[in-house]
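Please read these numbers as outputs of a predicted model, since none were measured by experiment.
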Amino acid sequence: MKSLVVGGTGPTGPYIVEGLLKRGYDVTIFHRGTHEVDLPKEVEHIHGDPHFKETIETSLSGRKFDLVICMYGRLRYIAEMMKGRTDRFIAIGGAVVYKGIFKPEHNPDGIPVPINEDAPLETDPEQNRFSYLMAVSEQTVMDAHHQEQYQGVVFRYPMVYGPRQLGPREWCILRRILDGRKQIIIADGGLTLETRGYAENMAHGVLLAVDQPEQSAGQIYNIGDVELLTFRRWIEHIFKIMNYDGELVEMPALMARPSRPYSGRTHHRVLDLTKIKTELGYREAVSVEEAIRRTVQWYLEHRPQPGGEEERQLKDPFDYEAEDRFIGAYRKSMDEILQIDYTRERFRHPYPHPKEPNRPRDEAGR
């Protein structure tokens, strides 16, 4: 059996390649060659650009495969190009297709919590062109499936973490700890909920679809870690691993500007995983606590270069002088606010607790 993995060198790629080899597939990966990783020598590499029709056609001319897993490049072009060239096509998309996922105000009904696969998708390129084109790409795969060009499956990835991530948010926290920072700013108490997915867990879910062709054919699945952590809890796991005893400084999101590269959005983005759990039997292959530990260990052993590619992707200036000024100004303003005289009666819950029988109201007037 012949398989093609478009991409294959990012966070989930090597796990998927390994899984396909164990299942007896001959594996070819198609990628630009910019980020090479150590893969078994029997894996064939096709170096080319998967972002343009002409370069895709040139690179894959005359090639046919039993299975294609596309997790890189312009999905809609590759999905169209592989019609009649493969029996099965598994597309790796993202939760970005959901309407308002970046800006909830773009969805008049708001962002549901959790988001299931039937939630509205972005249909307006003026609102968010990237989300819109991802939704178009999904539709291209599903149209080909209904036309019986191949069996199509779509996965909607969340924020993926783990080794080889080009924009590792964890590094924002790790570098601050390594640089000796004793205070780290978080927005809104770090109470935001966001589905994340450890790379090995994401690959495990994709391989479940490989193993269950009839069940998965024509389906779209949300995927992510089953255990859901607040952003605060996420950071606290890193603190524990690093034996760090610094302070989290809580600010309203509007003021916590230095935290944006690592805290992301300030609204909940939670994916409903009921479908993939029910239909494919998905569970985490690696627990979240262990996944965070492995991720931290990876970046301690493969530290991004200061000012290098990963840090440029993160857009984190690591401007500690400015962060100290934010903290100082915020605490000064809080001191002033707390000086405002404001009192209220002590809270009592509304149910009566009479001390004597047959009283219409108790001593507190309830």
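- Using bins of under 30°, 30° to 60° and over 60° for the plane-to-plane angle, the ring pair Tyr161/Tyr198 lands in the tilted bin.
- Looking only at atom types and distance, the side chain of Glu310 has no donor-acceptor partner in the side chain of Trp171 under 3.5 Å away.
- In summary, Glu236 and Lys240 do not engage in a salt bridge, as defined by a charged side-chain N under 4.0 Å from a carboxylate O.
- Partners of Gln139 according to the side-chain hydrogen bond (donor to acceptor under 3.5 Å, both in side chains) rule, which considers only residues two or more places apart in sequence or in another chain, are Asp143.
- Between the side chain of Ser263 and the main chain of Ile186, no donor-acceptor pair closer than 3.5 Å is present.
- Scored by the side-chain contact (heavy atoms from CB on, under 4.5 Å) test, Ala95 finds Tyr98, Leu271 as partners (sequence neighbours excluded).
- Ring centers of His204 and Tyr15: at least 6.0 Å apart, outside the cut-off.
- For the ring pair (Phe, Tyr, Trp, His ring centres under 6.0 Å) test, residues two or more places apart in sequence or in another chain that qualify with His302 are Trp298.
- With sequence neighbours excluded, the residues satisfying side-chain contact (heavy atoms from CB on, under 4.5 Å) with Gln219 are Tyr221, Lys275, Glu279.
- Salt bridge absent: Arg260 and Asp316 never bring a charged side-chain N and a carboxylate O closer than 4.0 Å.
- Salt bridge Arg293/Glu289: absent, no basic N to carboxylate O contact under 4.0 Å.
- Residues in residues 78-99 take part in these salt bridge (Lys or Arg N to Asp or Glu O under 4.0 Å) pairs, two or more places apart or across chains: Glu57-Arg85, Glu80-Lys83, Lys99-Glu122.
- Salt bridge annotation for Arg233-Glu227: absent, with no cationic side-chain nitrogen under 4.0 angstrom from a carboxylate oxygen.
- A donor-acceptor pair is defined here as one N or O able to donate and one able to accept, closer than 3.5 Å; no such pair exists between the side chain of Arg359 and the backbone of Glu356.
- Ion pairing between Glu138 and Arg76 fails under the 4.0 Å rule for side-chain N and carboxylate O.
- Arg294 and Glu301 are not joined by a salt bridge, as no carboxylate oxygen comes within less than 4.0 angstrom of a charged side-chain nitrogen.
- No hydrogens or angles considered: nothing links the side chains of Glu105 and His267 as a donor-acceptor pair under 3.5 Å.
- For Asp188, the side-chain contact (heavy atoms from CB on, under 4.5 Å) partners at least two apart in sequence or on another chain are Pro252, Ala253, Thr266.
- For the residue pair Gln313 and Glu309, no side-chain donor N or O sits within less than 3.5 Å of a side-chain acceptor on the partner.
- Around the CD atom of Glu54, the shell of radius 6.0 Å holds more than 12 heavy atoms that belong to other residues, nucleotides or ligands.
- Paired with Ile241 under the rule side-chain contact (heavy atoms from CB on, under 4.5 Å), one option of Thr295, Leu300, Val296 passes, and it is Val296.
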